J.: 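Below are the structure tokens for one structure; questions will follow.
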Amino acid sequence: MKNKAFNIEGMTCAACAAAIEKIVGKQPGVSEASVNFAAEKLHLSYNDSEISMVNIMQTMAKLGYALHEEERIDIESARKKQEISELRKRLIISAIFTLPLFLIAMIPHALHLFDRPELHHWILREFAWQNTVIQLVLTLPVVIVNQKIYTRGVRALLIQRSPNMDSLIAKGTAAAFVYSLYLTFVNIFSGGNYEPFYEIVGVILTLIVIGKYMEALAKGKTGEAIKKLMELAPKTAKVIRDGNEMEIFIDEVSVDDIIIVRPGEKMPVDGTVVEGETNVDESMLTGESMPVRKCIGDTVIGASINKNGSIKYRATKVGSDTALAQIIKLVEEAQGRKAPIAAMADVISEKFVPTIIVIAFASLAGWYFFGANFIAAHAAGDPSTIWFAMRIFIAILIVACPCALGLATPTSIMVGMGKGAESGVLIKSGESLETAHKIQTVVLDKTGTITVGKPHVADIVPMSGYTAHEILRLTACAEKRSEHPLGESIVLKGEEERVKFIEPTSFISIPGQGISAEIDGKAVHIGNERLMNNSGIDLGKSIHDSEGLAQDGKTPMYVAIDQKLAGIIAVADIIKPDSKAAVDKLSGMGIEIIMLTGDNKVTAAAVARKAGITTVLAEVLPQDKAENIKNLQASGKKVAMVGDGINDAPALAQADVGIAIGQGTDVAIESADIVLMRGDLSSIASAIILSRKTIKNIKQNLFWAFFYNVLCIPIAMGLWFLAGGPLLDPMIAAVAMSLSSISVLLNALRLKRVKIM
């Protein structure tokens with residue numbers, strides 16, 4: 001089964017998207033077809049042994065849409081710019097002819113405002129056929145330049161049998177145009193003095209183009225986050241080949257190339273530092289504002305900025321394998337997948353247009369056959385029944401276009417996910433984005449999630465007159481020869497404190513106990529109680545100090561110098577600086593926090609106490625973590641699991657929302673629904689806040705889209721007129737329809753300004 005994304009050209013409304021999903025989804029070999037109207041993308045799951053891409057493209061062509069394999073962002077951007085340029089051209093031509101058309105049609109009516117109705121009637125009587133011919137000449141260019149509306153509308157109605165927005169506009173304006181053409185011939189050949197509907201045709205088509213132009217501009221802004229990410233990568237890279245430095249295009253960089261990056265330059269691709277030290281700004285990818293120190297052996301991310309040192313690094317990931325490329329792919333795929341909340345709007349949009357056509361014809365017939373007496377009694381000027389019924393018919397078709405319904409959900413999801421990507425919160429699907437706002441319980445892994453994930457020297461307790469610095473110096477020198485993780489933490493602490501390292505003259509590693517070494521003429525022992533007892537070293541009351549450190553979740557190591565206890569070094573996997581604040585923030589949002597770990601109960605309780613967590617599930621085997629999540633879900637809770645290791649993957653997959661720490665393993669990230677690129681817990685609250693804000697925005701959009709249609713359709717049908725109110729003019733209907741779509745887009749764009757950090 002293959003999964004692919006395509007760009008669609010030619011969609012005009014949500015009904016188009018529904019028709020494509022329905023027809024393409026029924027093709028043999030296609031298991032799923034999902035269309036994102038706002039992004040203009042089709043996501044397909046299909047079996048290429050049963051159906052080929054040629055077949056799919058031919059099916060789309062028959063429906064009247066062009067299908068392109070997903071393009072590079074710059075090509076897609078150029079295509080959209082061309083589309084906007086074409087709309088602008090249509091708008092200018094339409095406006096040039098519609099303005100005089102509108103004035104000519106309206107001037108006779110304006111005479112009523114100046115109390116000169118006789119002049120109005122004289123113009124209609126003496127210049128009736130000339131007036132209608134001039135209006136016809138001005139209307140034709142507007143109709144011709146907007147002919148796509150008619151071709152697409154007729155195709156959707158007759159071939160697809162799934163009418164869309166263009167079908168409504170085409171039927172309404174075509175009816176007005178044909179009826180006006182009939183009146184024109186009557187005026188010319190029979191001496192009639194009837195007023196046509198040409199200005200309604202011209203004005204409606206122009207207003208539709210204005211709406212589409214503004215919609216295209218707003219749609220472009222919903223994808224700005226992706227464009228910004230694409231623009232981060234430099235276009236060239238400086239590499240060393242055959243001993244020479246040369247500048248090449250980034251597409252030509254190969255794995256294992258040695259790349260030189262100087263201060264102020266961007267990292268072209270991902271890699272590992274082989275020479276030099278520097279600070280790197282990774283904020284554009286992780287949201288972390290503080291520069292990160294990079295030394296030999298450290299990983300650098302493509303598109304991050306080298307701040308103050310020259311480095312050389314070996315390329316490890318290039319092209320589509322880089323972290324930036326994967327992020328872009330992740331966000332694009334996520335923006336194309338629908339949230340469950342979109343299903344309701346999709347179902348309504350699919351059934352909506354045919355229903356409106358039935359309502360429009362029923363209203364036309366009702367007013368024509370049964371409304372004559374009411375119209376004559378209440379309408380100024382006693383217009384003909386057919387004139388009145390036609391206005392009702394056109395107004396209903398124009399005002400009821402379901403564009404706002406189709407845009408309500410996908411635009412908010414696109415903007416929301418883009419906002420998350422800019423803040424280092426990558427959400428993999430619309431479903432994950434929607435589910436996150438319902439989270440009641442967050443389950444946190446301990447190691448690497450709440451804690452740093454590596455042992456650090458937490459305490460040095462000096463005794464027997466030794467200073468902490470002297471103890472650190474001797475133990476760091478001794479542990480330099482050790483490969484134990486606890487020893488590495490002491491060496492790291494020594495490097496941080498800039499101790500002067502001396503090579504031990506002797507070194508012995510005693511498995512399960514510790515080490516002994518001779519440094520600077522002093523015999524040094526570092527290890528547990530067993531090592532001290534076997535070496536004949538009296539621990540005295542220090543055992544109580546050691547037990548207190550252990551109760552605090554730390555691993556104590558005794559240090560003896562020349563057979564005398566010199567102090568205790570306590571090593572611990574310390575909690576991340578922001579863990580406590582993040583837990584407090586989540587608790588303040590009404591979310592239950594649980595720590596789930598395989599570590600022992602004493603250590604787990606100590607870490608939980610420091611992080612402000614009251615509920616701890618300790619000594620849980622990796623295979624049992626998912627079962628614990630299942631038990632929480634069985635109690636009716638919506639659960640998010642946060643982890644970073646391979647052993648967390650089953651629990652991440654089981655949770656309603658799996659959240660992976662960005663610095664975690666690839667398996668954990670693959671299993672998760674949300675990835676926190678910054679690697680800190682504060683981003684969990686950001687993800688949930690983003691979800692809540694986005695869902696709130698979607699609900700606002702859906703409310704206004706429904707409210708607009710519920711309010712406007714009865715008015716367009718003339719029901720308000722029956723109660724003594726005004727009629728909905730078709731031109732006002734066109735303005736209202738365009739504004740409804742634009743208002744939904746503008747509301748979605750507000751998400752770009754919300755604070756989630």
Side-chain angles (χ1 to χ4, degrees), residues 225 280-293 301 304 327 331 416-428 432-433 435-454 456 573-597 607-615 638-645 648 652 655 657-664 668-669 672-694 751-757:
V280 177
D281 179 2
E282 297 179 343
S283 60
M284 68 292 296
L285 296 171
T286 66
E288 176 57 63
S289 58
M290 294 298 292
V292 181
R293 187 72 179 167
I301 305 172
S304 56
I327 289 170
V331 177
M417 288 182 169
K419 176 72 177 180
E422 289 175 358
S423 306
V425 178
L426 300 183
I427 302 172
K428 288 187 175 182
S432 305
L433 180 67
T435 306
H437 90 283
K438 302 174 185 175
I439 292 301
Q440 299 161 297
T441 301
V442 171
V443 179
L444 301 173
D445 171 51
K446 179 181 77 70
T447 306
T449 302
I450 298 173
T451 65
V452 173
K454 293 181 180 179
H456 287 72
D573 182 6
I574 61 174
I575 71 169
K576 294 177 181 177
D578 75 314
S579 291
K580 177 70 166 62
V583 168
D584 290 344
K585 186 170 184 179
L586 287 168
S587 298
M589 293 166 62
I591 295 171
E592 177 190 21
I593 310 296
I594 297 174
M595 187 169 81
L596 181 67
T597 178
V607 172
R609 189 167 56 251
K610 291 176 183 176
I613 300 171
T614 55
T615 306
K638 286 288 183 182
V639 182
M641 171 69 195
V642 186
D644 73 323
D648 297 321
L652 289 169
V657 177
I659 303 176
I661 301 296
Q663 288 91 338
I669 291 172
D673 303 300
I674 298 174
V675 181
L676 310 178
M677 294 301 295
R678 291 174 62 176
D680 57 30
L681 296 188
S682 61
S683 296
I684 301 172
S686 299
I688 294 173
I689 291 169
L690 177 64
S691 173
R692 290 179 178 180
K693 297 277 189 183
T694 304
L751 283 170
K752 296 174 72 174
R753 299 195 299 272
V754 302
K755 292 183 179 180
I756 63 172
M757 305 303 290

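All of these numbers come straight from a predicted model, not from anything done at the bench.
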J.: Of all heavy-atom pairs between G416 and L751, which one has the smallest distance, and what is that distance?
T.: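 For G416 and L751, the tightest heavy-atom pair comes out as N-CD1, 4.1 Å.
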J.: Rounded to the nearest 0.5 Å, how far does NZ of K446 lie from OG1 of T451?
T.: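 T451 atom OG1 to K446 atom NZ measures 5.0 Å (nearest 0.5 Å).
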J.: Is it the case that the side chain of T441 and the backbone of E592 share a donor-acceptor pair, with hydrogens and angles ignored and the cut-off at 3.5 Å?
T.: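 The answer is no, because no donor-acceptor pair under 3.5 Å joins these two groups.
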J.: S579 side chain to A611 main-chain N or O, any donor-acceptor pair under 3.5 Å?
T.: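 No: the side chain of S579 does not pair with the backbone of A611.
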J.: Report the residues that fulfil side chain to side chain donor-acceptor pair (under 3.5 Å) with K438, sequence neighbours left out, ordered by chain and then residue number.
T.: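 Listed in chain order: nothing, the list is empty.
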J.: Tell me the closest heavy-atom pair linking V425 and S686, and the distance in Å.
T.: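 Minimum heavy-atom contact is CG2-CB, 4.3 Å.
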J.: Using every non-hydrogen atom in the two residues, find where S432 and D673 come nearest and quote the distance to one decimal.
T.: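 Answer, listing the atom of S432 first, then D673: OG-CB, 3.2 Å.
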J.: Taking the side chain as everything from C-beta on, heavy atoms only, tell me whether M677 gets closer than 4.5 Å to I301.
T.: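 Of all side-chain heavy-atom pairs linking I301 with M677, none is under 4.5 Å.
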J.: Using every non-hydrogen atom in the two residues, find where L652 and G643 come nearest and quote the distance to one decimal.
T.: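 Taking every non-hydrogen atom into account, CD2-N, 3.9 Å.
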J.: Pick from I593, L676, I689: which one makes a side chain to side chain contact (heavy atoms under 4.5 Å, CB included) with I684?
T.: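 Only one option passes, and that is L676.
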J.: Using the side chain to side chain contact (heavy atoms under 4.5 Å, CB included) rule, pick out the option among V443, V642, I575 that qualifies with T449.
T.: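 Option passing the side chain to side chain contact (heavy atoms under 4.5 Å, CB included) with T449: V642.
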J.: D578 side chain to S682 main-chain N or O, any donor-acceptor pair under 3.5 Å?
T.: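 Checked: pair present.
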J.: Using the side-chain contact (heavy atoms from CB on, under 4.5 Å) rule, take I450 and T597 through it: C-alpha gap first, then chi angles, then the decisive distance, then the call.
T.: CA-CA 11 Å; I450 298 173; T597 178; over 6 Å; no
J.: Does the side-chain contact (heavy atoms from CB on, under 4.5 Å) test come out yes or no for L444 and V583, once each step is laid out?
T.: CA-CA 10 Å; L444 301 173; V583 168; 4.3 Å; yes
J.: In the structure I gave you, are the side-chain heavy atoms of I613 and I594 within less than 4.5 Å of one another anywhere?
T.: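 Not touching, per the 4.5 Å side-chain cut-off.
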J.: For K419 and K752, indicate whether the former's side chain and the latter's backbone hold a donor-acceptor pair under 3.5 Å.
T.: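 Side chain of K419 to backbone of K752, a donor-acceptor pair under 3.5 Å: yes, one is there.
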J.: Return the set of residues passing side chain to side chain contact (heavy atoms under 4.5 Å, CB included) with A640 (not counting sequence neighbours), or none when no residue passes.
T.: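 With sequence neighbours excluded, A640 shows a side chain to side chain contact (heavy atoms under 4.5 Å, CB included) to I439, V442, V657, I659, given in chain and number order.
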J.: Give, for atom CD1 of I674 and atom CE of M417, the distance between the pair rounded to the nearest 0.5 Å.
T.: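 Nearest 0.5 Å value for the CD1-CE distance: 9.0 Å.
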J.: I688 and side chain to side chain contact (heavy atoms under 4.5 Å, CB included): which single residue from M589, K693, H437 fits?
T.: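 So the option named by the test is M589.
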